[in-house]
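Here is the naming used below: chain letters follow the sequence lines, and residue numbers restart at 1 for every chain. Note that this is a predicted model, so its numbers are computed, not measured. Keep in mind that the numbers below use all heavy atoms, side chains included, and drop hydrogens, waters and symmetry copies.
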Amino acid sequence: GQQVMQIPQYQHVQEGEDFTTYCNSSTTLSNIQWYKQRPGGHPVFLIQLVKSGEVKKQKRLTFQFGEAKKNSSLHITATQTTDVGTYFCAGPRGAQKLVFGQGTRLTINP
Amino acid sequence: EAQVTQNPRYLITVTGKKLTVTCSQNMNHEYMSWYRQDPGLGLRQIYYSMNVEVTDKGDVPEGYKVSRKEKRNFPLILESPSPNQTSLYFCASSLGRWNTEAFFGQGTRLTVV
């Protein structure tokens, strides 16, 4: 079945460095969602991308949806300690299911 | 306040002892689902429900049951828990199916010994 692969699994950066996580699907996605899970917390919705080539920004976070709608990325500029957590992408499978990537766990050295 | 409430937050149980994890949402959402989270595997869907009395299997349904008798509640039932069901469980709800924001509960950490 359709899989959503996310890389890297872990990323450790110095505070102030940039961070990027990538999400790849084996099939074309109608949309993709991104979630953030703080340590010990639950996933929280960040954004949804729908259009081919779409780019959306939320302050220091930039989200992109590939032209072929099979990949997506989340880029954080100048990380801060509040960015610590695990970032998940999620895409639909069929008409009723939402499939999550394995997540990228971001840790930051202050 | 809009929220998804799961109970209990933590549970330690023994193999074979039936248990239920409750999930309730106050947003009148039609779509609800259960996920388990394991290291390196992300969130895997166990069961989902499109509406009252409509449920279907996700990717890892073995050993679990669900019911949706009311729109707001979607309990997860483990009839005979086994150690491989030790995991962190999340309930989620959304207005639509896959194309709308999912709201997650606080999670239930289950240990089966």
Under a 4.5 Å heavy-atom cut-off, does chain A meet the side chain of [X], its backbone, both or neither?
X: B:Asp38; answer: neither
X: B:Phe103; answer: neither
X: B:Leu41; answer: backbone
X: B:Gln45; answer: side chain

Counting only N and O atoms by type, is there a donor-acceptor contact under 3.5 Å from the side chain of A:Ser25 to the main-chain atoms of A:Lys70?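 No.
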Enclosure of B:Arg68 CZ (heavy-atom neighbours >12, cutoff 6.0 Å):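 Check passes, neighbour count above 12.
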Tell me, yes or no, whether the heavy-atom count around A:Phe45 atom CZ, taken from other residues, nucleotides or ligands under 6.0 Å, exceeds 12. yes
Shortest non-hydrogen contact from A:Ser52 toward A:Glu67: OG-O, 2.5 Å
Do A:Thr107 and A:His12 have a side chain donor and acceptor closer than 3.5 Å? yes
Can you tell me which portion of A:Gln6 sits under 4.5 Å from chain B's heavy atoms? Options are side chain, backbone, both or neither. neither
Answer with side chain, backbone, both or neither: which region of A:Tyr10 has an atom nearer than 4.5 Å to a non-hydrogen atom of chain B?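 Neither; nothing under 4.5 Å.
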Looking at B:Gln37, B:Gln106, B:Gln6, which hits side chain to side chain donor-acceptor pair (under 3.5 Å) with A:His42? B:Gln106
When B:Gly40, B:Pro39, B:Ser33 are compared by non-hydrogen pairs under 4.5 Å with chain A, the top option: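 Maximum pair count with chain A is reached by B:Gly40.
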